[in-house]
Amino acid sequence: MKTLKDAAVGETVIVSRLAGEGAVKRRIMDMGITKGVSVYVRKVAPLGDPVEITVRGYELSLRKADAAMILVEVA
């Protein structure tokens, strides 16, 4: 399954599942990334970390390790 880390710049994806556990999963959910939400990948830093996304109307930067825990499907 595709993760948010693998999504291309300019692509809109829909979150299908969060793979993290405990505090990490709770922190991602607190940022507004929940199942079924639409996420737009705005840009990726030159070395690939962090990834800047737009979710629920605001911009958010995620580490590559956190983005790898978010399973997505193409919108």
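Here the structure is a predicted model, which is why all the values come from computation and not from measurement.
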Can you give me every donor-acceptor pair (side chain of residues 12-23, partner residue at least two apart or in another chain, under 3.5 Å) with its distance?
| from | atom 1 | to | atom 2 | distance (Å) |
| --- | --- | --- | --- | --- |
| Ser16 | OG | Leu71 | O | 3.1 |

Which donor-acceptor pairs under 3.5 Å do side chains of residues 43-50 form with protein atoms, sequence neighbours excluded?
| from | atom 1 | to | atom 2 | distance (Å) |
| --- | --- | --- | --- | --- |
| Asp49 | OD1 | Lys64 | N | 2.7 |

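Other residues, nucleotides and ligands place no more than 12 heavy atoms under 6.0 Å from the CZ atom of Arg63.
Looking at heavy atoms from C-beta onward, Leu60 lies out of side-chain contact with Glu52 at the 4.5 angstrom threshold.
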| task | Could you walk me through whether Thr54 and Val39 pass the side chain to side chain contact (heavy atoms under 4.5 Å, CB included) test, one step at a time? | result | CA-CA 6 Å; Thr54 300; Val39 176; over 6 Å; no

| task | Evaluate side chain to side chain contact (heavy atoms under 4.5 Å, CB included) for Val41 paired with Leu4, printing each intermediate quantity in order. | result | CA-CA 8 Å; Val41 180; Leu4 186 57; 4.1 Å; yes

| Ile53/Glu59 under side chain to side chain contact (heavy atoms under 4.5 Å, CB included): CA gap, chis, key distance, verdict | CA-CA 6 Å; Ile53 62 172; Glu59 283 77 35; over 6 Å; no

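Remark: the Arg42 side chain and the Ser61 side chain contain no N/O donor-acceptor pair separated by less than 3.5 Å.
Between Arg56 and Thr34, the shortest heavy-atom distance links the atoms NH2-OG1, 2.7 Å.
Interatomic distance, Ile28 CD1 to Ile70 CD1, rounded to the nearest 0.5 Å: 4.5 Å. To the nearest 0.5 Å, atom NZ of residue Lys5 and atom CE of residue Met69 are 11.0 Å apart.
Classification of Asp66 and Arg27 as a salt-bridged pair holds, one side-chain N sitting under 4.0 Å from a carboxylate O.
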